[in-house]
Amino acid sequence: GPLHLSRHPLGAWCQAVGVGIVMPLLVGWLVQPWRLPSAADAVLGLLLGLSGHILTALPDAVIDRRVGKVTLVVKLGSTAARRVMLGGFALAAGVLALGLPSSRCDESNMPMQTPEQILLVIAVCLLASVAMPHQWANRPLIGLPRHLWLSALASVLLWSAWLIRVQ
């Protein structure tokens, strides 16, 4: 069934669509009339969803490979998958920095507000520290490499900036 897609590289795209487009639609529908996402919302959701999938699959790469699960991380390798993840998060930060998507209350592009700017700057700094080739980021912290914790925090900050933006 559809759960077997989790063993295939297409599973990453299914998660990206589910988390980045379908969930925001369903949750948004609870507080406002339903409407299709804008192109900027769709791009941002896919970037954050795909990068988030890679982030959660990275710790399992060795075991997934051993049991024959061909995830995107297994297919690309951990180093290339990490680069794709960081690139996706960086592109998402760029979309947000451009002031996209527009606020749901006002379809015009409003300038970024201070909370969004702060979240975005911190997220970009975290992503930059993860992208630097140094051993500090690979040292373990509570069982996982620091770069995973920093990437996860950056992801939460980017999602938060998006939520603030569309309020």
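Sequential numbering from 1 along the given sequence is applied to the chain's residues. Heavy-atom basis, side chains included; hydrogens, waters and symmetry copies ignored. All figures in this text were calculated on a predicted structure; none of them were measured in a lab.
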Side-chain atoms of residues 78-85: list all donor-acceptor pairs with protein atoms under 3.5 Å, sequence neighbours left out, distances to 0.1 Å.
residue	atom	partner	partner atom	Å
R82	NH1	N138	OD1	3.4
R82	NH2	V130	O	3.0

Can [Y] be reached from [X] by stepping across I, L, V, M, F, W or Y side chains whose heavy atoms are under 4.5 Å apart?
{"X": "L120", "Y": "L98", "value": "yes"}
{"X": "F89", "Y": "L157", "value": "yes"}
{"X": "V62", "Y": "L144", "value": "no"}

Can you tell if the side chain of L50 reaches within under 4.5 Å of the side chain of L72, non-hydrogen atoms only? yes
Does the side chain of L55 come within less than 4.5 Å of L148's, by heavy atoms? yes
Output every pair passing side-chain hydrogen bond (donor to acceptor under 3.5 Å, both in side chains) with a member in residues 144-157, not counting sequence neighbours, ordered by first then second residue. none
Against L126, only a single residue in L158, V156, L153 fulfils side-chain contact (heavy atoms from CB on, under 4.5 Å); can you say which? L153
The single option from I54, D64, D60 passing side-chain contact (heavy atoms from CB on, under 4.5 Å) against V73: I54
Minimum heavy-atom separation for L119 and S160, please, with both atom names. CD1-CB, 3.8 Å
Any residue meeting side-chain contact (heavy atoms from CB on, under 4.5 Å) with [X], in chain and number order, not counting sequence neighbours:
{"X": "L91", "value": "L47"}
{"X": "L46", "value": "A16, V17, I21"}
{"X": "S129", "value": "L150"}

For the atom pair CD1 (I164) and OG1 (T114), what is the distance rounded to the nearest 0.5 Å? 10.5 Å
